[in-house]
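These figures come from a predicted structure and were not determined experimentally. Both ligands and their constituent atoms are indexed starting at 1 by order of listing. In what follows, every heavy atom counts, from backbone to side chain, and hydrogens, waters and symmetry copies are set aside.
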Amino acid sequence: MQEQNKSQQLMNSQEKETAKKLKFAKNSGFQAELRRRVDELFENSDLKERDCPQMYVKTAILLLSFFGIYSLLVFFAETWWQVVPLCILLGIVTAAIGFSIQHDGSHHAYSSISWVNKLMSMSLDLIGASSYVWHWKHDVLHHTYANIAGYDMDLEVGIFGRLSPSHQRLNFHRWQHYYLWLLYGLLAIKWHFYDDFYCLIMGKIGDRNYPRPKHSNLAIFFGGKLVFFTIAFVIPLLFHSLWQVLASYGLVAVTLGIMLSVVFQLAHVVEEAEFPLPVAEANIIENDWAIHQIETTVNFSRNNSYVTWLLGGLNFQVEHHLFPNICHVNYPEISRVVEETCQEFGVRYNQHSSFWAGLRSHYRWLRRMGT
Ligand SMILES: [Zn+2]
């Protein structure tokens, strides 16, 4: 236990080190009131913040679906019209594992027991990306600095696109609302073959330093890569030709890449989201942290329980950003409290009524940033 506390303290100080240099304005009282109301919601209902039975059921359904579809694809499918839908389905289920199981585990939102969270977060290593690198990139950098260019690495797509007003505009960005969709499809492939290895070798995520994985985390990093490449390539190659394996992998990975990219973009890279910048020399964001999270984030399809299930509650990104360590199955209930509190405090609560409305807004934002 002492060991765990010590390593937790070390982790927290390292997280502060990676996330330092930028401060938020003083808490306006909004965040404390919101927290109080959400605590009250849990006290006065049967809801549980973590270890929710429906989350364990969901985990079993998703993992069984993953291995079931994979087995059908590798051992039974014989024709292209069997292979193509199975690849697309496998891509969707893989994304759902990322959205639900690993994401909750990584945020300590899955369980109150830390090894359960660790185990669930490692489902990301199974599907081809390092849970350790994800923790730093997502839990620390993205969540602390949502939509602040130069700090939130999810906004950085190199020269290929201009997602934020503070990014430099290049001539060819005028077509980004057409071609970026193709690049979204390559996200998972880049992740599988390049991103984690680059972060490991350079000790950087984007231009931010982070502590490289050591000891057990390094073993999980390489163990995860070994398991993923065995599942994705070694086993299929025992039964199929190289081009069949590459084509099938490509289809699964492109489906996965599009799903991951689109869900992220709909939450933060749309017309309704703010892209604040720090006050130059003071390195201060002139906003309460909680209000910053709300103004930089947009929900969609709040009333569609199928979308909520499949996307691990990431259509409720406002609530996720405010309460990342509460299990996502609770977001619909929490969202009512957040929306009401926002109204009282005069904070704008951003949302799209449907997935398609969000997608259209993302398209228009890309067009506006490119011209
Ligand atoms: Zn998150």
Side-chain angles (χ1 to χ4, degrees), residues 11-12 15 18-19 31 34 38 49-50 52 55 58-59 62 94-111 114 116-118 120-125 127 129-148 151-156 163 187-188 191 195-196 199 205-206 208 210 256 259-270 273 289-290 292-302 307-332 334-335 338 350-351 358:
M11 199 68 152
N12 289 342
E15 286 174 4
T18 297
Q31 190 178 351
L34 196 56
V38 169
E49 291 196 16
R50 283 166 283 278
C52 307
M55 191 58 208
K58 184 175 188 175
T59 303
L62 286 175
T94 306
I97 289 173
F99 292 145
S100 300
I101 307 172
Q102 79 84 15
H103 191 214
D104 272 23
S106 177
H107 279 296
H108 302 274
Y110 194 104
S111 171
S114 69
V116 175
N117 288 319
K118 178 83 175 169
M120 295 305 163
S121 75
M122 282 162 57
S123 61
L124 186 62
D125 295 275
I127 58 176
S130 161
S131 54
Y132 180 85
V133 175
W134 170 267
H135 166 72
W136 289 94
K137 181 174 189 282
H138 180 80
D139 302 348
V140 179
L141 290 173
H142 169 62
H143 269 269
T144 312
Y145 298 131
N147 272 19
I148 304 175
Y151 289 84
D152 178 356
M153 289 306 139
D154 286 2
L155 280 182
E156 310 299 328
L163 303 186
L187 175 82
W191 213 342
D195 286 356
D196 286 340
C199 294
I205 297 172
R208 314 290 294 178
Y210 83 108
L256 175 62
M259 282 194 70
L260 297 177
S261 305
V262 166
V263 168
F264 170 77
Q265 304 295 39
L266 259 54
H268 298 290
V269 187
V270 284
W289 177 86
H292 169 86
Q293 299 294 332
I294 293 173
E295 290 181 347
T296 54
T297 309
V298 183
N299 284 352
F300 60 90
S301 300
R302 273 172 75 198
V307 169
T308 305
W309 193 90
L310 188 67
L311 304 188
L314 293 179
N315 48 332
F316 289 88
Q317 285 265 7
V318 170
E319 287 66 32
H320 173 58
H321 269 260
L322 291 167
F323 303 101
N325 56 2
I326 294 181
C327 183
H328 75 263
V329 300
N330 296 301
Y331 292 164
I334 295 175
S335 75
V338 174
N350 299 311
Q351 60 180 325

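- Contact record, F316 with S335: CE2-OG, 3.5 Å, taken as the closest heavy-atom pair.
- The distance cut-off of 2.8 Å around the Zn ion (ligand 1) captures these protein N, O or S atoms, sorted by chain and number: H103 NE2, H107 NE2, H138 NE2, H143 NE2, H320 NE2.
- Side-chain atoms of H143 and H107 form a donor-acceptor pair, as typed in the model, at a separation below 3.5 Å.
- Of all non-hydrogen atoms in S106 and S121, the two that sit nearest each other are N-CB, 3.6 Å.
- In terms of the side-chain hydrogen bond (donor to acceptor under 3.5 Å, both in side chains) criterion, residue partners of N299 (sequence neighbours excluded) are, by chain and number, E319, Y349.
- When every heavy atom of S301 is checked against every heavy atom of N315, the shortest pair comes out as O-ND2, 3.1 Å.
- The two residues L124 and S131 have their closest heavy-atom pair at CD2-CA, 3.9 Å.
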